[in-house]
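Just so you know, ligand 1 is whichever comes first in the structure, and atom 1 is the first atom listed for that ligand.
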Amino acid sequence: MRNYNFVLSSFCVMVLLIMFYSRRKHLPTWRNRFYLLLFIVHAITMPLNVSIAYVNDHYQHFGILFLYILCIVYSTLYELRAFLFYCFSATFAPKHKSRNLVMFGVLLFSYLYILGNLFIEGLYHAQASEMTILNTSRDFRYFCGIFYGFSAALLVATTKNMESTERMSLVFANLIVAVGTILRLMVRSILFIDLLYTLSLVVIYFGVQSPDYYINGKTGLFNIRGIRTYIQEQYKNHVSLNMIMISIENYVGMKQLVGNKKMKKLLQIIATKIDHQYRKEVCGYIGSGRFLIISPSPLDFQEANTYFRDLFSKPLEGESSNFLSFYLSYIDQSIQINDLRELEEVIHQATAQTQYLDTDARVVVTNDDVKIYHHRLQIEDATNRAVENDAIQVYYQPIYNTKKHRVSGCEALSRLIDDELGFISPEEFIHAAEHLGIIDRLGFQIIHKVCRFIKKHDVKALGIDYINVNVSPLQCLDEQFPEKFFKILDSYGIDHGLIHVEITESTFVDVELLEQMMQKMSAKGIVFALDDFGTGYSNLTRIIKYPFDIIKIDLSLTWSYFKGENEFLPYIIKLISEVGKDVTVEGVETKEMAESLSSMHVQHLQGYYYSKPIDENQFVNYLQRT
Ligand code: C2E
Ligand code: CA
Ligand code: CA
């Protein structure tokens, strides 16, 4: 007598899950379609499995034709289930047409095999005297083994960059089925393969497939994760997409003004309208007051414009007056976007752009925009590679001391020459490193190299009193920065006074943190220079407030003075000197500039007149020559 308890319980679980799953909102992706199909086929296979077992035990009571049909239907579905499992897994891997074809071929072959058994009697055979289905049914399980094996291999090989919980649940689900299949071949009296199968689908459900993971709780629309999953699949299948982004103007400010609760309600109202108006499209809320409508077929931008203008001009439901305004951005399917990352950059930039527009204006993303984003991403990749390989070089630019009448210091400047892109300007890759969050690694690599340089050459004997290194204000966010910094210096046994730190004033982040850090480091002998003084963010109180010893005048200010566009450079220099700080003027390109600045009592001069930034050996030669 067989034990059917497992099948019955898992059947109930399946029915409940199917009911629950199919009533929720889904992304129109193949992944979801395969998953739902898998559910359904599994749910049908289960009672069939029970029937087969029962019929096998009581075959005498059934007609031969019936037995054959039952066997064929059962084994066909059994194979189909395994095939769908493969199809589902394949949606996580890059597209591979021939692999899919081979798998489909295996399915077809297994079907031929099943039908062929009508004549050959290998897989099952039914006779009036005896019916054996399961005894000889090992062969067709081997076909299933191919599907499961491929699924497992695919998942292990291609899901490396997935979230670990997602990856774990997929691999685990595969493992359960594999173990189940092996056990099934060993123990035949208990029908538990279906239970394990159900378990596997449940694991997948909670790991990756639950519709709730893809829905934004605030609005009921798809969330970023959902949108990402959808777009990723479309791009993988070379489907181009049309998109409209609706951004609420000054969302952060508005939220503060009306409060979280009310803003949430407003978002809900807008979401309901969007969902209603764009029923066939994929609608998402991607945070910060931004809604996205996506469709493979063209979207009428003009119509959207009219619709949203109309929507936002009337008071939203339950409100006495309307105070929200919006921007539209439009991405046409002719825009060549290669991958999700690029699209996210495009959306990010489109959002940034709308902030500078008049209300109700729109941004139409063009291919030229995308080229710029594409370039930016290439730079990011190159920067990543360079930091990964510690391949960023350090060049040195001399700094001339007007009192000592000689070069007494230098600035260390990063250089990146990429195999693919060639020379990349430091402005670009430093910005990329900041954006990627690897600026601290880059910064420490530079400090290591500067220390190695100092160790290798007797720089003091060459007349060098200090070397300036640039530190991004973002690096100061790390509270451990000073410890890490000194650890490097001390490991090379380098005198702290030899290193000056330049910090750009334009991007001061957390002012308090910065101040703490500077105090800590000043106490241990580090000299600070305020970089780029005279660009946008100039603030004289900062000069006084922070423990900067040196102020570096930006070359734009220098040049505008020498071009006669401003007259206040001498006053600034005087003012800084009066508060007891040294001045370094950048961008000194001619003898006249150098002489004029010396007469203003500027202590340090830096610029092409003395030298461009040069590599280590050239710099040592330069010092020996002068
Ligand atoms: P910065 O710190 O203001 O560096 C001075 C820049 O002015 C350097 O550009 C230098 O080559 C250039 N320069 C100096 N004198 C002259 C001159 O007379 N004429 C002209 N036309 N240019 C002159 P560079 O090397 O391209 O660096 C650009 C910026 O990238 C730097 O500006 C700095 O903000 C950043 N940077 C470079 N290396 C690093 C680094 O290791 N870490 C960080 N955080 N930033 C770095
Ligand atoms: Ca600098
Ligand atoms: Ca500078």
Side-chain angles (χ1 to χ4, degrees), residues 379 383 386-387 390-400 407 409-417 423-451 453 466-478 481 485 488 499-509 514 527-538 548 550-563 583-594 597 602 604-616 618-619 622:
I379 301 256
T383 309
V387 171
D390 193 8
I392 293 181
Q393 300 176 41
V394 182
Y395 274 42
Y396 297 90
Q397 186 176 31
I399 298 177
Y400 183 82
V407 167
C410 63
E411 176 174 0
L413 291 156
S414 313
R415 288 292 176 266
L416 166 53
I417 296 150
F423 178 85
I424 301 173
S425 90
E427 259 117 6
E428 282 186 297
F429 71 77
I430 294 291
H431 179 77
E434 288 177 338
H435 189 221
L436 292 168
I438 53 173
I439 185 70
D440 53 333
R441 269 184 80 191
L442 190 155
F444 286 129
Q445 290 177 352
I446 301 296
I447 293 169
H448 266 290
K449 283 178 188 159
V450 170
C451 289
F453 170 67
Y466 62 90
I467 297 183
N468 286 7
V469 292
N470 290 284
V471 167
S472 157
L474 289 180
Q475 291 175 260
C476 312
L477 286 179
D478 176 9
F481 179 78
F485 180 87
I488 299 177
I499 303 286
H500 291 188
V501 169
E502 289 190 15
I503 297 182
T504 319
E505 73 163 335
S506 58
T507 29
F508 274 4
V509 258
L514 186 71
V527 169
F528 281 93
L530 178 67
D531 205 357
D532 295 352
F533 182 80
T535 57
Y537 292 79
S538 297
F548 284 110
I550 301 166
I551 310 300
K552 292 191 81 177
I553 309 278
D554 190 70
L555 44 80
S556 60
L557 190 59
T558 316
W559 292 351
S560 69
Y561 171 75
F562 283 99
K563 271 194 230 153
V583 175
T584 304
V585 173
E586 288 184 338
V588 182
E589 291 198 337
T590 62
K591 194 170 175 219
E592 291 71 40
M593 287 167 94
L597 288 160
V602 174
H604 313 280
L605 302 177
Q606 179 180 352
Y608 289 1
Y609 174 59
Y610 301 100
S611 169
K612 288 191 173 184
I614 42 184
D615 74 21
E616 193 176 307
Q618 288 173 316
F619 183 56
Y622 175 92

Close-contact set for ligand 1 against [X] heavy atoms, below 4.0 Å:
X: W559; result: 19 (N), 20 (C), 21 (N)
X: D532; result: 3 (O)
X: D531; result: 1 (P), 2 (O), 3 (O)
X: E411; result: 2 (O), 4 (O)
X: G607; result: 15 (N), 18 (O)
X: I430; result: 36 (N), 39 (C), 40 (C), 42 (N), 43 (C), 45 (N), 46 (C)
X: P613; result: 11 (O)

(request) Count, excluding waters, the protein N, O or S atoms that are closer to the Ca ion (ligand 3) than 3.0 Å. (result)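 Number of qualifying protein atoms: 4.
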
(request) Using a strict 4.0 Å threshold on nitrogen-to-oxygen distance, state whether D615 and R415 make a salt bridge. (result)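 R415 and D615: not salt-bridged.
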
Any N or O of [X] that comes nearer than 3.5 Å to an N or O of ligand 1?
X: Y609; answer: no
X: Y608; answer: yes
X: R415; answer: yes
X: Q397; answer: yes

(request) Quick one: sort the F481 and F485 rings into parallel, tilted or perpendicular, breaks at 30° and 60°. (result)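 If you compare the ring of F481 with that of F485, the planes turn out tilted.
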
(message) Quick check for you: to the nearest 0.5 Å, what is the distance between N468 atom CG and I399 atom CD1?
(response)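 It is 4.5 Å, given to the nearest 0.5 Å.
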
(request) Verify, without hydrogens or angle tests, whether T558 (side chain) and D554 (backbone) share a donor-acceptor contact under 3.5 angstrom. (result)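 The answer is yes, because a donor-acceptor pair under 3.5 Å joins these two groups.
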
(message) Of all the N, O or S atoms in E411, which has the shortest distance to the Ca ion (ligand 2)?
(response)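 Nearest to the Ca ion (ligand 2) within E411's N, O and S set: OE2.
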
